[in-house]
Peer 1: 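Dropping a structure here in structure tokens format, bear with me for questions.
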Amino acid sequence: MAEKLPPSPGGGITPLQQMLASGTGAILTSLFVTPLDVVKIRLQAQRNSLLQRLSRVMAVLLFPASGKCFLYCNGLMDHLYVCQNGNGCTAWYKAPGRFTGTLDAFVKITRNEGIRSLWSGLPPTLVMAVPATVIYFTTYDQLRDYLHTRMGSWNHYIPLLAGALARLGAVTVISPLELIRTKMQSQQLSYRELRVCIQSAVAQDGWLSLWRGWGPTVLRDVPFSALYWFNYELVRTWLCRQAWLDGATFMVSFASGAISGTVAAVLTLPFDVVKTQRQIELGDSEVTAHGSSKPSSTWLLMQRIRAESGTRGLFAGFLPRVIKVAPACAIMISTYEFGKSFFQKLNQEQQLRGL
């Protein structure tokens, strides 16, 4: 049964203003969540069983023969940070010390290395997170408004479809860039050498080789996005009705984002475990100069995880994923909605002055 939702502040602003709002949200989210990931990487570094815990979502560290490969995720997206022969990794991987827990790690890192160390992973995060988030959120709003206009009324399935399509588009655009950036980090290539490397890969394996790892990413991110936006619009509508509001406030958006992000994170956790291992395999192949090796398929990875760890292995990292995704989604969507409201009011004031 289609019904009208409280108006979203997305109307009345330009795509450029939507991009500015989403970019600001991505930066603020990274600022808040990056310290959590830095601490988790350091905690993981002092454990002896890292290689048996690759399915953990927070931060995974490999020790290949020729370098280190970090899987870094800040709640908005995941990306590989590759260190060749330990170079350029001093901010990421120092002597881990002895930490008894998350709070103890925060205190000791701040005291011994300075508070700036908690944001040591921020630059590589922003390089990919900001453009990916801008494409994703702007595309979602444009698709949602387009589908709403075509259908003539609001339907609960519009956010689900728009969210899935927007994420599919963002992943497809960003995936080759992520692979190229990983190659440049792992092999220290110049732009000219990179072009030759890409041409060689395309000649050998075809254009689809630039989208290695696309499948597991889509398998996790598209269902997550569809569930997230579907639940976000429902929760936002319900909270607005309970509070007798005509439109969502900052706190309503914040709570709606946290709740919908948690639900989507839990339901897509098995896909996240598989995607994490697949990214590590891809990063390891680049670091060890075996980029032509074929990584395990998604289905084989799921079978291997289930054989080694049982069904519970597909739900590894439940609490860390929820702890990270919930606040990241809340901060991102509330900042984004606030930015759109700001631009909407600005445009209205400009129109009034023009009369």
Side-chain angles (χ1 to χ4, degrees), residues 6-37 72-79 118-119 121-145 159 162-163 165-167 169-171 173-174 177-178 221 224-233 235-236 239 247-265 321-347:
S8 169
I13 66 174
T14 66
L16 178 59
Q17 290 172 331
Q18 290 175 340
M19 294 171 69
L20 289 173
S22 57
T24 302
I27 293 172
L28 289 177
T29 303
S30 298
L31 285 171
F32 277 102
V33 182
T34 293
L36 290 175
D37 220 55
Y72 189 93
C73 46
N74 71 335
L76 291 175
M77 64 173 296
D78 308 341
H79 65 263
L118 293 175
W119 282 271
L122 189 59
T125 302
L126 296 179
V127 166
M128 297 301 295
V130 172
T133 305
V134 166
I135 294 171
Y136 173 41
F137 276 78
T138 305
T139 303
Y140 168 77
D141 265 357
Q142 294 293 317
L143 280 173
R144 183 198 60 189
D145 294 343
L165 291 175
R167 195 61 185 176
V171 169
V173 171
I174 293 296
L177 300 179
E178 177 72 3
D221 287 5
F224 178 93
S225 180
L227 289 168
Y228 171 76
W229 288 111
F230 177 78
N231 287 301
Y232 171 75
E233 298 289 1
V235 173
R236 183 174 66 88
L239 290 177
T249 63
F250 181 88
M251 288 309 300
V252 166
S253 298
F254 189 94
S256 301
I259 294 170
S260 56
T262 300
V263 172
R321 177 157 164 78
V322 170
I323 289 175
K324 175 171 291 184
V325 170
C329 288
I331 295 168
M332 180 63 217
I333 193 62
S334 56
T335 306
Y336 180 54
E337 296 286 11
F338 178 83
K340 290 195 297 182
S341 296
F342 169 80
F343 285 120
Q344 187 181 43
K345 292 176 182 177
L346 182 65
N347 292 344

Peer 1: Output the distance between atom NZ (K340) and atom CD1 (I333), rounded to the nearest 0.5 Å.
Peer 2: 6.5 Å
Peer 1: Could you state the interatomic distance from CZ (F137) to CE (M19), rounded to the nearest 0.5 Å?
Peer 2: 14.0 Å
Peer 1: For S256, run the side chain to side chain contact (heavy atoms under 4.5 Å, CB included) check against E233, R236, M251 and tell me which one passes.
Peer 2: R236
Peer 1: For the atom pair CZ (F254) and OG1 (T249), what is the distance rounded to the nearest 0.5 Å?
Peer 2: 12.0 Å
Peer 1: Between F224 and Y228, how do the two ring planes meet: parallel, tilted or perpendicular, split at 30° and 60°?
Peer 2: parallel
Peer 1: Does a side-chain heavy-atom distance below 4.5 Å link T335 with T29?
Peer 2: no
Peer 1: Mind checking side-chain contact (heavy atoms from CB on, under 4.5 Å) for A166 and listing every partner two or more places apart, or none if nothing turns up?
Peer 2: Y136, T139, Y140, L143
Peer 1: Looking at OG1 of T24 and CZ of F342, how far apart are the two atoms once the value is rounded to the nearest 0.5 Å?
Peer 2: 10.0 Å
Peer 1: Which heavy-atom pair separates G257 from S260 by the least distance, and what is that distance?
Peer 2: O-OG, 3.3 Å
Peer 1: Hey, is the main chain of T14 close enough, under 3.5 Å, to the side chain of Q17 for a donor-acceptor pair?
Peer 2: yes
Peer 1: Considering only heavy atoms from C-beta outward, does the side chain of T262 approach that of V325 to under 4.5 Å?
Peer 2: no
Peer 1: When you compare the side chain of Y232 with that of C329, does any pair of heavy atoms fall below 4.5 Å?
Peer 2: no
Peer 1: By side-chain contact (heavy atoms from CB on, under 4.5 Å), which residues pair with F32, not counting sequence neighbours?
Peer 2: I331
Peer 1: Side chains of N231 and I259, heavy atoms from C-beta outward: is any pair under 4.5 Å?
Peer 2: no
Peer 1: So, taking the atom named CZ in F250 and the one named OG in S341, what distance separates them when rounded to the nearest 0.5 Å?
Peer 2: 11.0 Å
Peer 1: Out of curiosity, L16 CG to T138 OG1, how far, rounded to the nearest 0.5 Å?
Peer 2: 9.0 Å
